[in-house]
Amino acid sequence: MAQPLFRAPVGTRDLLPPESARRRRLVAVFADLAERTGFGLLESPIFEDLGVFQRLGADNEVVTKELFEFFDKGDPPRHLALRPELTASVCRAFAEHRPTQPWKIWYSGPQFRYERPQAGRYRQFDQVGVETLGTDDPHADVEVIGLGLRFYEALGMKQVRLLINSLGDATSRPAYDAALAAYLRSRRDELSEQSQITLERNPLRVLDSKREQDQPVIAEAPVMADFLSGESAEHFVAVRAGLDSLDAAYEVSPRLVRGLDYYTRTTFEFVADALDTAQNAVGGGGRYDGLVEDLGGPATPGIGFALGVDRILLACDAEGTFAAAPAPVEVFVVDTAGGQSAAVLCDRLRQAGLGVDRAFDGRSMKAQMKRADRSGAAVAVIIGPDEQAEGAVTVRDMRPGGGQRQVASDDVVSAVTEILAEEA
RNA sequence: GUGGCCGUAGCUCAGUAGGUUAGAGCGCCGGGUUGUGGUCCCGGAGGUCGGGGGUUCGACUCCCCUCGGUCACCCCA
């Protein structure tokens with residue numbers, strides 16, 4: 001391959017048509033659903049003060065190893081970072097603006113993590129998500145989770161499983177952490193080397209290990225459910241009852257711990273069974289009742305999720321749904337009389353609201369017709385020297401066996417719309 | 001950060017016991033049809049075989065390094 005001078009940085013890529021249009025459609029589907037559920041769009045900066053993200057957990061890899069950090073040109077320079085996720089930004093914005101509660105926000109956009117790319121994982125990746133701040137009503141949990149499920153359905157996905165768990169609250173969590181750590185230490189020798197290290201850093205995360213060697217130990221580990229405070233247990237029951245009432249299928253997964261340290265009580269994950277890759281979680285979220293306070297705001301409960309756009313699209317491919325399709329051109333203008341007439345006709349047709357394209361460089365009739373065919377246009381408007389002399393155009397139905405007729409160029413819009421209406 | 005596999009035209013890939021001008025399909029451009037696409041036929045453009053170094057009379061082919069891709073671990077969407 002002749003190598004270009006530059007290429008997209010590692011872990012990033014160009015999204016070309018028609019794939020780019022497909023992603024835009026996906027976001028539009030999400031936006032529609034979110035807005036009809038009472039969520040408003042928050043557009044927050046792509047980068048934030050480093051401190052915003054450090055609150056996600058000091059021993060978390062997302063924060064310690066995977067951040068794109070940099071200094072700006074201020075005096076003194078500000079220490080900034082590209083956002084690795086958006087929940088922290090939403091909470092920062094909440095603490096900064098103190099909006100009325102509950103504050104229901106949706107978002108979409110690129111995020112950045114310095115990791116080795118693999119299937120379904122990129123350094124720049126897109127997520128869509130929602131956050132509800134200012135209420136710990138279990139119905140808010142249910143609304144958020146339900147929105148996620150409906151979104152996957154709207155894309156035509158059928159093989160998405162919902163896993164849920166409760167991580168407990170400030171009163172129940174420490175007891176569990178202690179019990180889990182004690183248990184894991186008692187069987188420390190059976191754990192993989194990596195898990196032994198993880199054990200000292202954050203025992204909870206050992207439950208996340210995919211190593212074969214760790215599985216027997218994990219299988220017998222104490223379960224959070226046995227340690228939930230009365231309040232947390234009640235909350236979890238209410239969330240499940242709410243999901244039941246929506247006929248939402250879910251699996252309680254006692255070992256679902258999730259990566260970010262801020263999660264409390266409800267946690268959940270959407271898994272795409274159509275993906276046979278290691279990264280098959282297409283979305284995840286949970287409750288983070290302490291995060292706003294950590295960021296200097298008032299104590300405010302919150303719940304939300306982030307869905308990985310890249311992985312969702314991969315899963316859609318695997319399920320054969322939500323296919324990429326180019327934006328349809330309805331009319332193609334062929335001009336073998338110099339191209340000036342095409343400019344005028346295109347303009348007129350576009351002003352009439354139609355999708356119109358044309359060829360350049362004065363190519364042959366045949367070449368232009370070929371373009372017209374490949375554009376997918378249903379109608380071709382042809383103008384050559386003959387038509388030009390008569391102030392007319394030829395309007396051709398591009399369907400197989402479709403006919404054509406000559407009309408005055410002033411009538412081009414109505415002639416075209418007639419054929420389009422016929423085909424619709 | 002660690003490891004496996006891979007790197008030949010725009011795309012998908014052939015090609016090596018190391019040896020003249022590196023091939024196919026698709027795509028692209030042109031022609032067959034001096035005004036008409038989708039099928040068919042003909043022709044054409046396009047590659048310093050990822051980059052650098054080494055071995056050799058000679059390297060796309062062997063060795064080393066490097067860059068990139070891919071998959072997995074870690075971690076996560």
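For clarity, every value in this text was computed on a predicted model and none was experimentally measured. Below, read A as the first sequence line, B as the second, and so on, with proteins coming before strands; counting in each chain starts at 1.
Remark: the separation of the P atoms in B:G47 and B:U66 is 30 Å, to the nearest Å. B:G3 and B:U8 have their P atoms separated by 24 Å, given to the nearest Å. Straight-line distance between the C1' atoms of B:G30 and B:G37: roughly 16 Å, to the nearest whole Å. Across B:G43 and B:G35, the matching P atoms stand 26 Å from one another, rounded to whole Å. Distance noted for atom C1' between B:G51 and B:G44: 31 Å (whole Å). B:G32 sits 14 Å from B:G38 when the P atoms are compared, rounded to a whole Å. One P atom belongs to B:U56, the other to B:G68, and the distance between them is 31 Å to the nearest Å. B:U20 and B:G10 have their P atoms separated by 24 Å, given to the nearest Å.
Atom CG of A:L191 is separated from atom P of B:C74 by 13 Å (rounded to the nearest Å). When the C1' atom of B:A77 is taken as reference, atom CZ of A:F30 falls 13 Å away, rounded to whole Å. Taking atom CG on A:L16 and atom C1' on B:C11, their separation rounds to 13 Å, with Å as the unit. The interatomic distance linking A:L256 (CG) with B:A77 (C1') rounds to 13 Å, in whole Å. For the pair A:N280 CG and B:A72 C1', the interatomic distance rounds to 14 Å; values are reported in whole Å. One interatomic measurement links the two molecules: CZ of A:F270 to P of B:A77, which rounds to 13 Å at whole-angstrom precision. Here B:U36 presents its C1' atom at 4 Å from CE of A:M369, a figure rounded to the nearest Å. Regarding A:E115, its CD atom lies at a distance of 15 Å from the P atom of B:U2, rounded to whole Å.
One finds a salt bridge joining A:R161 and A:D273 here, because a Lys/Arg side-chain nitrogen approaches an Asp/Glu carboxylate oxygen to under 4.0 Å. Salt bridge annotation for A:R185-A:E200: present, with a cationic side-chain nitrogen under 4.0 angstrom from a carboxylate oxygen. By the 4.0 Å N-to-carboxylate-O rule, A:D141 lies too far from A:R265 to be salt-bridged with it.
Here the straight-line distance linking atom CG of A:L243 with atom CG of A:L162 works out to 6.5 Å at 0.5 Å rounding.
Base contact: A:R121 has a heavy atom under 4.0 Å from a base atom. Contacts of A:Q404 with the nucleic acid, taken as non-hydrogen atoms under 4.0 Å apart, include base atoms. In this structure, A:A278 reaches the sugar-phosphate backbone alone: every heavy-atom distance under 4.0 Å involves primed, P, OP1 or OP2 atoms, never a base. Nucleic acid contact class of A:G120 (heavy atoms, under 4.0 Å, all strands): base.
Remark: A:H79 NE2 is packed, more than 12 non-hydrogen atoms of other residues, nucleotides or ligands lying under 6.0 Å away. With a 6.0 Å radius and a threshold of 12 heavy atoms from other residues, nucleotides or ligands, A:Q340 has its CD atom at or below the threshold.
For A:E143 and A:T132, the side-chain atoms include no donor-acceptor pair closer than 3.5 Å.
Judged by the 6.0 Å and 45° rule, A:R240 forms a cation-pi pair with A:F236.
Below 30°, between 30° and 60°, or above 60°: for A:F47 and A:F70 the angle between ring planes is above 60°, a perpendicular geometry.
Side-chain N/O atoms of A:R211 include one lying less than 4.0 angstrom from OP1 or OP2 on B:C74.
Sequence neighbours left out, the pairs with a member in residues 110-136 of chain A that pass ring pair (Phe, Tyr, Trp, His ring centres under 6.0 Å) are A:F68-A:Y114. Identified under the salt bridge (Lys or Arg N to Asp or Glu O under 4.0 Å) test for residues 387-400 of chain A, with sequence neighbours left out: A:D397-A:R399, A:R399-A:E422, A:R399-A:E423.
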Return one dot-bracket line describing RNA chain B 5' to 3' (Watson-Crick or G-U wobble pairs, both distances under 3.5 Å; ( ) same strand, [ ] crossing, | another strand, . none).
(((((((..((((.....[...)))).(((((.......))))).....(((((..]....))))))))))))....
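Comparing A:Y114 and A:E269 against RNA chain B, the residue whose closest nucleotide sits nearer the 5' end is A:Y114. Across the interface with RNA chain B, nearest-nucleotide mapping of A:M398 and A:L307 shows A:M398 to be the residue nearer the 5′ end.
Of the possible polar contacts, one joining the A:R22 side chain to the A:F322 backbone as a donor-acceptor pair under 3.5 Å is found.
Applying the ring pair (Phe, Tyr, Trp, His ring centres under 6.0 Å) criterion to A:F39, with sequence neighbours excluded, gives no partner residue.
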Show each protein N/O and nucleotides 65-70 of chain B N/O combination with a separation under 3.5 Å, one pair to a line.
from: B:G68; atom 1: O2'; to: A:R7; atom 2: NH1; distance (Å): 3.1

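Comparing B:C74, B:U36, B:A77 against the side chain of A:Q279 picks out B:C74 as the nearest.
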Strictly under 4.0 angstrom, non-hydrogen atoms only: write out the protein contact profile of nucleotides 26-35 of chain B, one letter per nucleotide from the 5' end, B, S or -.
--SSSSB--B
